[in-house]
Structures are given as structure tokens and as C-alpha cells.
Amino acid sequence: MFLEWRLIFLGFMFVCSGLVQSFAYGVFAKEYVTNCLGVSQVGFVLLVLGLSNALTSGVVGKIVKYVPRLVIVLIATSINVGLTVFLLLWERIPSYLMVFLFAIGWGFTGGVWNTLSSSFVGILYPMESEPAYSVARMWQAFGLAVGFVMSYFNSQAAFLYLLLGLLLITTVLYIVVEFKSQSRTQIFPCLIFCVRETAAASSIEEEELVARTESGL
């Protein structure tokens with residue numbers, strides 16, 4: 001199970017999830033919230049981040065039935081990359097709006113990674129869920145450990161560059177696993193449904209046209 005290629009590829013997703021969480025509770029809280037708003041605001045910012053994370057997990061769990069996981073992952077990756085680049089360029093000017101908007105966005109991406117990575121493991125390994133989840137959580141714990149170690153040494157820029165590279169690698173590997181493991185109907189449920197509905201409507205229109213032609217004759 002540990003060397004199963006799909007779980008290895010998804011392991012990057014769990015490592016990324018761990019890094020995202022450790023950055024929020026370590027570097028972001030210490031170096032950005034404290035410097036911009038003061039220590040007294042750390043709790044409020046993390047509260048907003050946690051609420052965003054929780055709400056996102058609930059919403060994603062519902063809409064994944066109608067919106068392809070791949071689309072949601074690409075949206076989360078785009079937001080995560082954008083926020084990471086923003087932090088690399090930000091001069092840390094005191095701003096409640098910037099800090100809280102970042103917390104909401106970071107909480108959203110964290111909720112997406114947590115929800116989709118866990119659900120996808122359950123889909124891929126329905127008969128071996130316990131060992132699969134054990135390996136997955138090990139990778140997530142590894143990401144958390146690496147993140148907190150980097151936070152301890154105050155290497156914000158290195159952390160952000162590592163996260164940026166890992167986000168891109170994770171997305172590519174996730175796409176590979178998705179297309180290798182799932183059918184087109186599972187990957188694009190809405191698209192397949194729309195195509196089928198369009199085909200069914202066209203078939204009905206053709207039958208009605210033939211019936212009218214025959215009745216006219």
C-alpha cells in the first residue's frame with residue numbers, strides 16, 4: 001500500500017495540505033498578522049481562517065456532486081498560487097482588509113485540500129480505506145512537521161517558494177491520478193450529463209420531425 005503509485009502521487013497533496021495549515025498557524029500568524037495588526041488580533045484572524053476552512057469543507061462536500069473535482073482543484077490551486085505570490089510581494093503594510101481577505105482565501109484553499117484529498121482516497125481505495133488513510137495522514141503530518149520547522153527558523157521566503165513549487169507539482173500529479181483512475185463520466189459529470197441531455201433532446205426532435213413528415217405524406 002505504501003508504494004502504490006496513486007497513493008504516492010496523492011501523498012504530495014497531503015504534504016501540501018500540511019504545509020498550508022502549518023503556514024497559516026505558524027508563519028502567517030507570527031510574521032504577518034502580528035507585524036501588521038498586533039498580537040491581540042491573531043486570535044480573530046485565525047478564527048476567520050478556521051471558519052472559512054470549515055464552511056468550504058461543507059460546501060465542497062455538497063457541490064462536488066455537480067462540479068468536477070478537477071475544476072475545484074484547479075480553482076483552489078490558482079487562488080493558493082495567487083495568495084503565495086501576493087505574500088512574496090507584499091510589504092506588510094498594516095491593513096485589516098488585506099489580512100482578513102487573505103485569511104478567508106487561505107482558509108478556502110485549506111478546506112478544498114482537506115476535503116478533496118480525503119474523499120479521493122476513499123474513492124480510490126474503498127476496500128482498503130484504513131491503511132490508505134493511515135499512509136495519507138502520515139504524509140500530511142510530514143507536511144505539518146516540515147512547515148513548523150521552517151517557521152521556527154524564520155525562513156518565510158523559502159517556505160513560500162517551497163509551497164509554490166509544491167502546489168504546481170501537486171496539481172500535475174493529481175491530474176495524472178484523476179485521468180488514470182476515473183472515467184470521463186466521473187471526471188466531468190456535469191459535462192457528460194449535458195451532452196446526454198442534448199443528445200436526447202435532439203433525438204426527440206428528430207422523431208417528431210419524422211412523424212410530422214410521415215403524417216403529411
Side-chain angles (χ1 to χ4, degrees), residues 10-34 36-84 86-87 95-125 129-130 132-148 150-151 159-160 163-164 166-167 170-171 174 178 189-190:
L10 285 180
F12 283 84
M13 198 172 189
F14 282 93
V15 172
C16 186
S17 173
L19 283 174
V20 167
Q21 292 181 49
S22 61
F23 179 84
Y25 301 128
V27 175
F28 177 64
K30 182 174 67 173
E31 302 296 335
Y32 292 89
V33 179
T34 302
C36 293
L37 306 181
V39 178
S40 61
Q41 300 300 314
V42 171
F44 292 108
V45 174
L46 294 184
L47 172 63
V48 171
L49 189 147
L51 288 175
S52 175
N53 192 306
L55 290 174
T56 300
S57 296
V59 172
V60 168
K62 296 293 184 181
I63 66 173
V64 75
K65 299 177 182 177
Y66 312 102
V67 180
R69 282 191 304 271
L70 182 58
V71 173
I72 299 174
V73 167
L74 291 177
I75 292 173
T77 301
S78 300
I79 295 174
N80 230 155
V81 169
L83 291 173
T84 304
F86 167 74
L87 287 184
S95 172
Y96 278 89
L97 180 62
M98 290 295 185
V99 172
F100 279 97
L101 283 179
F102 179 89
I104 293 171
W106 204 260
F108 168 80
T109 57
V112 171
W113 296 127
N114 289 333
T115 304
L116 292 188
S117 58
S118 299
S119 64
F120 201 27
V121 169
I123 292 170
L124 293 178
Y125 304 100
S129 59
E130 290 185 5
Y133 277 118
S134 298
V135 174
R137 294 307 174 192
M138 182 201 70
W139 285 118
Q140 188 174 37
F142 175 75
L144 281 166
V146 171
F148 284 124
M150 296 188 73
S151 300
F159 198 143
L160 291 172
L163 186 57
L164 194 60
L166 189 61
L167 281 168
T170 297
T171 304
Y174 173 81
E178 187 79 73
C190 298

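At distances below 3.5 Å, at least one donor-acceptor pair connects side-chain atoms of Ser52 with backbone N or O atoms of Phe108. A donor-acceptor contact shorter than 3.5 Å is absent between the side chain of Ser129 and the backbone of Tyr125. With hydrogens and angles ignored, the 3.5 Å screen pairs a side-chain donor or acceptor of Thr77 with a backbone N or O of Val73. Within the 3.5 Å criterion, the main-chain N or O of Ala29 finds a donor-acceptor partner in the side chain of Thr34.
Atom CD1 of Ile75 and atom CG of Leu70 lie 10.0 Å apart (nearest 0.5 Å). Rounded to the nearest 0.5 angstrom, Thr171 OG1 and Glu178 CD are separated by 12.0 Å.
What you find for Leu144 and Gly18 is that their closest heavy atoms are CD2-O, 3.4 Å. Between Ala136 and Val121, the shortest heavy-atom distance links the atoms CB-CG2, 4.4 Å. In plain terms, the two heavy atoms of Val99 and Cys36 that are nearest each other are CG2-CB, 4.2 Å. A pairwise comparison of heavy atoms in Asn53 and Gly110 identifies ND2-C, 3.7 Å as the closest pair. In terms of heavy-atom proximity, Arg69 sits nearest to Val64 at CG-CG2, 3.3 Å. Between Ala103 and Val48, the shortest heavy-atom distance links the atoms CB-CG1, 4.5 Å.
There is a side-chain donor-acceptor pair under 3.5 Å between Ser118 and Arg137.
Pairs engaging residues 11-23 under the side-chain hydrogen bond (donor to acceptor under 3.5 Å, both in side chains) rule: Ser17-Gln21, Ser17-Asn114, Ser17-Gln140, Gln21-Asn114 [sequence neighbours left out].
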Exercise for review: Tell me, with the steps shown, if Phe102 and Tyr32 meet ring-ring contact (aromatic ring centres under 6.0 Å, His included).
Suggested key: CA-CA 11 Å; Phe102 179 89; Tyr32 292 89; 7.2 Å; no
Practice item. Could you walk me through whether Leu10 and Leu124 pass the side-chain contact (heavy atoms from CB on, under 4.5 Å) test, one step at a time? Key: CA-CA 11 Å; Leu10 285 180; Leu124 293 178; 3.5 Å; yes
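Between Leu49 and Val45 there is no side-chain heavy-atom pair separated by less than 4.5 Å. Side-chain contact between Ile72 and Ile63 is present, with heavy atoms from C-beta onward closer than 4.5 Å. The shortest side-chain heavy-atom distance between Leu116 and Ser119 falls under the 4.5 Å cut-off.
Counted within 6.0 Å of CZ on Phe100, heavy atoms from surrounding residues, nucleotides or ligands total more than 12; the atom is thus considered enclosed. More than 12 heavy atoms of other residues, nucleotides or ligands shown are found within 6.0 angstrom of CZ on Phe148.
Thr84 pairs by the side chain to side chain contact (heavy atoms under 4.5 Å, CB included) definition with Asn80, Trp106, Leu160, Leu163, Leu164, Leu167, not counting sequence neighbours.
Screening Tyr133, Phe14, Tyr174 for a ring-ring contact (aromatic ring centres under 6.0 Å, His included) involving Phe120 leaves a single residue, Tyr174.
By the 30° and 60° cut-offs, the orientation of the rings of Phe159 relative to Phe23 is perpendicular.
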